[in-house]
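Down below is the structure, laid out as structure tokens.
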Amino acid sequence: MIQEIIIAGFGGQGIMLMGQLIAYAGMLENKNVSWIPSYGPEMRGGTANCSVIVSNSIIGAPIVSEPTVLIAMNLPSLEKFAPLIKFGGLAIVNSSLIDRFPNRSDISIIKVKANDIANQLGNSKVANMVILGALLEETKVVSGESVMKAFTKLFANKPDLVSINQNAMAFGQSHVSASGI
């Protein structure tokens with residue numbers, strides 16, 4: 001098993017956190033992982049993306065040029081990275097902010113209204129965890145349990161964040177399950 005993932009969006013959308021959580025969870029599951037962040041020149045609101053590889057075997061190079069999965073949190077990210085997705089790959093798209101989708105019949109597209117769901121949960125900052133839940137449900141790249149262990153360790157000084165983020169991830173997972181995708 002190998003998943004090569006690009007996660008992209010605006011700075012401040014939790015792009016890097018998603019990548020870190022996937023990589024950390026992969027390590028907890030004794031998988032081989034890599035995580036490479038990339039930031040635009042702006043501090044907040046600019047572009048941000050990261051590449052994550054999770055594999056059962058040794059990773060030859062940490063660069064992701066043809067992702068098996070793209071998570072796009074905004075339209076510029078979708079437009080930039082969707083053409084790179086491998087044949088048979090997957091795009092998970094924040095349809096709260098994106099209203100145009102790739103015209104590719106060779107990939108699967110999961111549309112998740114991540115911002116809308118996060119607002120319904122009472123915290124707009126958890127849209128990334130909604131999307132992460134959709135990724136976990138669809139790909140099984142790592143377990144939700146491992147992600148929450150990683151989250152709890154990363155935010156040990158903020159235990160009040162665990163519950164809302166766990167709920168957001170569960171909503172993302174149930175979105176994919178309910179869609180029958």
Is [Y] close to [X] at the side-chain level, that is, under 4.5 Å between some pair of heavy atoms?
{"X": "K113", "Y": "H175", "result": "no"}
{"X": "I109", "Y": "P102", "result": "yes"}
{"X": "N119", "Y": "S124", "result": "yes"}
{"X": "I63", "Y": "I36", "result": "yes"}
{"X": "I7", "Y": "L135", "result": "no"}
{"X": "N56", "Y": "I2", "result": "no"}
{"X": "W35", "Y": "M16", "result": "yes"}
{"X": "L17", "Y": "L154", "result": "yes"}

Gap separating the [atom1] atom of [X] from the [atom2] atom of [Y], nearest 0.5 angstrom:
{"X": "M129", "Y": "L121", "atom1": "CE", "atom2": "CG", "answer": "11.5 Å"}
{"X": "I85", "Y": "L90", "atom1": "CD1", "atom2": "CG", "answer": "7.5 Å"}
{"X": "I71", "Y": "Q13", "atom1": "CD1", "atom2": "CD", "answer": "11.5 Å"}
{"X": "Q120", "Y": "N115", "atom1": "CD", "atom2": "CG", "answer": "11.0 Å"}
{"X": "L70", "Y": "K80", "atom1": "CG", "atom2": "NZ", "answer": "11.5 Å"}
{"X": "I5", "Y": "I92", "atom1": "CD1", "atom2": "CD1", "answer": "8.5 Å"}

Checklist entry - More than 12 heavy atoms of other residues, nucleotides or ligands under 6.0 Å from CZ of F171: is that the case? => result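 Open: at most 12 neighbouring heavy atoms sit under 6.0 Å from CZ of F171.
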Checklist entry - In terms of heavy-atom contacts, does CD of E145 have more than 12 from other residues, nucleotides or ligands at under 6.0 Å? => result no
Minimal non-hydrogen separation, [X] against [Y], with atom names:
{"X": "A23", "Y": "V52", "answer": "N-CG1, 4.4 Å"}
{"X": "Q173", "Y": "E137", "answer": "O-CG, 3.4 Å"}
{"X": "A72", "Y": "I98", "answer": "O-CD1, 3.6 Å"}
{"X": "L28", "Y": "S146", "answer": "CD1-O, 3.6 Å"}
{"X": "P67", "Y": "L84", "answer": "CD-O, 3.3 Å"}
{"X": "L161", "Y": "N165", "answer": "O-ND2, 2.7 Å"}

Checklist outcome for this item: Those residues at least two apart in sequence (or on a different chain) that pass ring pair (Phe, Tyr, Trp, His ring centres under 6.0 Å) with F155 are F151
Checklist entry - Between the side chain of E29 and the main-chain N/O of S143, is any donor-acceptor distance below 3.5 Å? => result yes
Checklist entry - Side chain of S96, backbone of D116: donor and acceptor closer than 3.5 Å? => result yes
Next on the checklist: Assigning hydrophobic clusters by single linkage (Ile, Leu, Val, Met, Phe, Trp, Tyr; side-chain heavy-atom cutoff under 4.5 Å), is V142 placed with M1?
Outcome noted: yes
Checklist entry - Looking at F101, is K111 sitting on its ring face, NZ or CZ under 6.0 Å from the six-membered ring centre and within 45 degrees of the normal? => result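 So K111 does make the cation-pi contact.
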Next on the checklist: Which residue in the set V130, N128, L136 passes side-chain contact (heavy atoms from CB on, under 4.5 Å) when paired with M169?
Outcome noted: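 Testing each of V130, N128, L136 against M169, the sole residue satisfying side-chain contact (heavy atoms from CB on, under 4.5 Å) is L136.
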Item to check | V162/M148 under side chain to side chain contact (heavy atoms under 4.5 Å, CB included): CA gap, chis, key distance, verdict | outcome: CA-CA 8 Å; V162 173; M148 287 316 299; 3.9 Å; yes
